[in-house]
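Written below as structure tokens is the structure these notes are about.
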Amino acid sequence: MASTVMRKIFGSRNDRQVKKYRKIVKNINILEPELEALNDEQLGAKTVEYRERYAQGESLEDLLPEAFAVVREASKRVLGMRHFDVQMIGGIVLHNGNIAEMRTGEGKTLVATLAVYLNALSSKGVHVITVNDYLATRDAGWMGKIYAFLGLSTGVVVSGMDPLAKKQAYESDITYGTNNEFGFDYLRDNMAFSAEEKVQRELNFAVIDEVDSILIDEARTPLIISGPTNDNSELYIKFNELVKELEQGEEAETKEEEPTGDYTVDEKNKQVHITEQGHEKVEELLIREKILDENDSLYSATNINLIHYLTACIRANVLFQKDVSYIIQDGKIVIVDEFTGRTMEGRRWSDGLHQAIEAKEGVQIENENQTLASITFQNYFRLYEKLSGMTGTADTEAFEFQSIYNLEVMVIPTNLEVARKDHGDLIFLSVEEKFNAIAEDVKDCIERKQPVLVGTASIEASEHLSSLLSKLEVKHNVLNAKQHEREAKIIAEAGMPGAVTIATNMAGRGTDIVLGGNLDIELEEKGELSDAEKQEFTQQWQQRHNEVLESGGLHVIGSERHESRRIDNQLRGRSGRQGDAGSTRFYLSLQDDLMRIFASDKMSGLMKKLGMEEGEAIEHPWVSRAIENAQRKVEGHNFDIRKQLLEYDDVANDQRKVVYQQRNEMMEESDLSEIIISIREDVVNTLVTNYVPPGTMEEQWDIDSLVKALEDETAQKFDIQKWLDDDDQLNEYLLPEKVTQELVSIYKEKENAIGVEELRRFEKYILLQVLDSHWKEHLAAMDYLRQSINLRAMAQKNPKQEYKRESFEMFSEMLEQIKQEVMSTLSRVEIRSQEEIDELERQQQMPTDVNYEHAQASLQSNDAEASSEDQPEPHQPFVRNDKKIGRNDPCYCGSGKKFKQCHGKLS
Ligand code: ADP
Ligand code: MG
């Protein structure tokens, strides 16, 4: 209350900021007449002038008003759109490295051009990040006209592009592409073996469109590049059968109680939990199936991957339903995206889940994968010198943007006043009643010729509603997984008078619904037209537009509340763009997931209080508030998941940075002899101090063992005892140097024999080779560690601290091993011909049969088939994309409390 009053008097920080920006916009507007007087050539030449002034030391801030004015003038000339003043404000927010919250239809695509142009003046590259390839291509083509007019080059990166074309796109002044593509290119670049193979430049400035979708929704899982390992299909099939003999139980409600059954299901986290009883039963079953030996235990460290198959198979059977989470297409399991409802061909769930579902559905089981490189979006986007974003819905997540990305959310006023009417939620007892009411509402709209968009949370709901409408003979379009090519077109038509469109969440995102239909697309489709024809179509459109406006504009129906308020707001935001009339209404039932899982008790209490009866709907602010609270809880919970993912990735991130930096430096140099020299010194020092510790008496030295160890590492047998006998001066401090000198001179001989240049090439080859193979193993080991670390929590240890400590140890160990291996390989190298080195370098290529995975799913690379016969590597478990914390497990924060009583507490 107090804060509301304060805000009335002083205005919010947001208001003050916007006011400040309006002043800048005023200065920009003053420049307009002057620029209007320039011819195209003069206007285009401004870029050269600004670049020179920038080189002379003027800052981008100094150049902002002029540059923005020039972009607007260019846009007027090439696109016929004059940036609105609020769009200018949005541009300033982007340039300042923050998030501009601007509603759907406010023209964010155009807003980006301002900050993009200004920052491209520095020639360090600007990235515009979109949610899919379609939008990247569309926006680059569209906005590229402005940039081209002003003499800047625009490139697009899309998946499946060849590296040369990609490199060229990255070298453009401005590059459009998706978050996945940018992230994977970063990882791929760090797997390259020569600087020429790399495609990206430095990461300078990025504007992220639909920033909440990318930095929040998609940030729940990391990007992973992985390669295949060996075949475990038999185990999945066996475990899939075993699961049928297990019994699902209930979680314990209090500390004293025990969970019942063989396993319990945690719907919220999409996890299952095996009970004590279940463990015993599974052990018995595994012994019966001869997978485990008599007396062997499921708990022992070597069997940890058996638990992995078991949980994957239970999850597959109880948590993932056909036609909701996935569909079967040509004998393959195809994931359905929970946010967009689209099918994601070629993508795979990780963590063995995909194989488990394949076993469950009796289709061919594909092989498991090993992580080759991975990064979270959080850590990828933090690599940019400056970051900014725009979306219609960021404010609910402002805290997360601030704390994780250091991005402030600025809410930009709309260009025209919002005229949309958001009705209160209608709540029904059953799903059936709810859908019937939605159908009534739809029919009502059609009578008025009002276009209506129904948003659903799943394909199933879309199809259900679709068949209901078909029965009622209501013509409609369904936008879901099976029709995604037509998505943009259908959405573009969704504003036609009386059009009925059913769409899963966020499908067709980024495409505008224009009342009366999309004239631009229509004209484009008609091809060559005379002016008279054009005019006629425009007139027809205007008539339809007015008709729809009179009917009340676009009506949006939500058939369910999403877990996140933001997603609901996005759906609502489809209506009432640019001051258009419009309305929205959500229909809910007590049987909806969100209500069932999070709000049921409270809700039924409320219902009783309000005296609700069968067949009736209620609309009450209490109910809406209760739902909103449930959503907040889920949002907070999801935030915790993302935060935890990040905290774990931060540990890996420090190591990744070190390794990638080292690798880059090594790749760019042709002479790495300095590194070899220091590795040699290190290895020798470590060995000598091991057996001849500093400050000890000669009697304590173990010369024999030292000689042996040195022989192992360097392939040289030194008579150290003789050295010591012959030289009184030689002591434990001088010994390492003596050994090193000997090694250097032997190496020198080798260098003479092989040739200096050849040896340098071989050194580089070995260094990269050894580093990569150890890093890969290290990643797998870190995966193991992460999976098992929660078990440590049982011993009252803080799992995150443990993880940190142990992974640091593992990392140091890895560095030692790398040194040793480099040393011993180089010591053993026999004289090789130049051709041999050529051949080795040829073999040293980026792996081709890799998967690009995200959102617990992977995209198979194009050439997957070509090299799938390669020797499989030994089995390694795959990175867990989501945490494996059960409700009864100790909380990950290390408090020692059960998860459900700590961070897992939902009420
Ligand atoms: P958003 O991404 O904010 O939802 P879009 O960038 O898709 O919005 O733009 C929505 C529509 O508004 C597009 O058809 C675009 O051509 C139009 N538009 C944007 N800015 C302007 C402007 N300044 N003048 C005229 N039309 C504009
Ligand atoms: Mg957009």
Side-chain angles (χ1 to χ4, degrees), residues 25 28-29 32 68-69 71-91 93-94 99-116 128-146 176 178-179 207-214 340 388-394 410-416 418 420 453 487-489 491-495 506-524 538 541 545 554 556 569-580 582:
V25 174
I28 299 172
N29 293 348
E32 193 162 10
F68 276 29
V71 175
R72 177 192 267 173
E73 189 56 33
S75 170
K76 274 157 67 180
R77 295 188 193 184
V78 295
L79 299 181
M81 294 193 279
R82 180 184 177 277
H83 293 72
F84 305 126
D85 283 2
V86 286
Q87 289 180 312
M88 291 301 207
I89 296 180
V93 171
L94 295 182
I99 292 176
E101 181 181 283
M102 299 180 77
R103 299 190 28 162
T104 308
E106 287 292 303
K108 292 184 283 293
T109 321
L110 191 63
V111 169
T113 56
L114 300 161
V116 166
V128 184
I129 286 120
T130 60
V131 286
N132 58 45
D133 284 347
Y134 164 75
L135 289 174
T137 313
R138 183 198 75 175
D139 293 355
W142 195 12
M143 299 300 134
K145 294 197 183 103
I146 300 181
Y176 281 76
T178 64
N179 46 329
V207 178
I208 307 179
D209 193 10
E210 310 280 7
V211 64
D212 55 329
S213 166
I214 290 170
T340 63
S388 69
M390 47 193 195
T391 174
T393 45
M410 295 292 303
V411 182
I412 317 284
T414 51
N415 181 42
L416 299 170
V418 181
R420 190 184 74 209
L453 172 74
E487 233 165 59
K489 196 173 171 306
I491 276 286
E493 284 174 6
M506 294 180 359
R509 217 183 160 174
T511 308
D512 212 19
I513 301 182
V514 184
L515 302 188
N518 191 319
L519 181 64
D520 292 341
I521 294 186
E522 195 184 341
L523 290 180
E524 213 167 274
T538 310
W541 173 83
H545 181 71
L554 179 69
V556 165
N569 291 342
Q570 271 158 13
L571 179 60
R572 283 198 207 276
R574 287 271 185 200
S575 165
R577 54 177 290 282
Q578 289 289 339
D580 285 347

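Not measured: the values here are computed from a predicted model. Values below: every heavy atom of this structure, side chains too, minus hydrogens, waters and symmetry copies. All ligand and atom numbering here is 1-based and tracks the order in the structure.
- Across every non-hydrogen atom of Leu515 and His545, the tightest pair is O-ND1, 2.8 Å.
- A side-chain donor-acceptor contact under 3.5 Å links Asp212 and Thr391.
- Here the shortest heavy-atom pairing between Thr104 and Gly573 reads CB-O, 3.3 Å.
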Name every donor-acceptor pair, under 3.5 Å, that has one atom in a side chain of residues 134-146 and the other anywhere in the protein, sequence neighbours excluded.
unit_1, atom_1, unit_2, atom_2, d
Thr137, OG1, Asp133, O, 2.8
Arg138, NH1, Gly510, O, 3.0
Arg138, NH2, Gly510, O, 3.3

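- Applying the salt bridge (Lys or Arg N to Asp or Glu O under 4.0 Å) definition to pairs two or more places apart or across chains, those involving residues 76-90 are Glu32-Lys76, Glu32-Arg82, Glu36-Lys76, Asp40-Arg77, Arg72-Asp85, Glu73-Lys76, Glu73-Arg77.
- Scored by the side-chain contact (heavy atoms from CB on, under 4.5 Å) test, Val111 finds Gln87, Leu94, Met102 as partners (sequence neighbours excluded).
- Pocket lining of ligand 1, defined as residues with a non-hydrogen atom under 4.0 Å away: Met81, Arg82, His83, Phe84, Gln87, Arg103, Thr104, Gly105, Glu106, Gly107, Lys108, Thr109, Leu110, Trp142, Asp512, Arg577.
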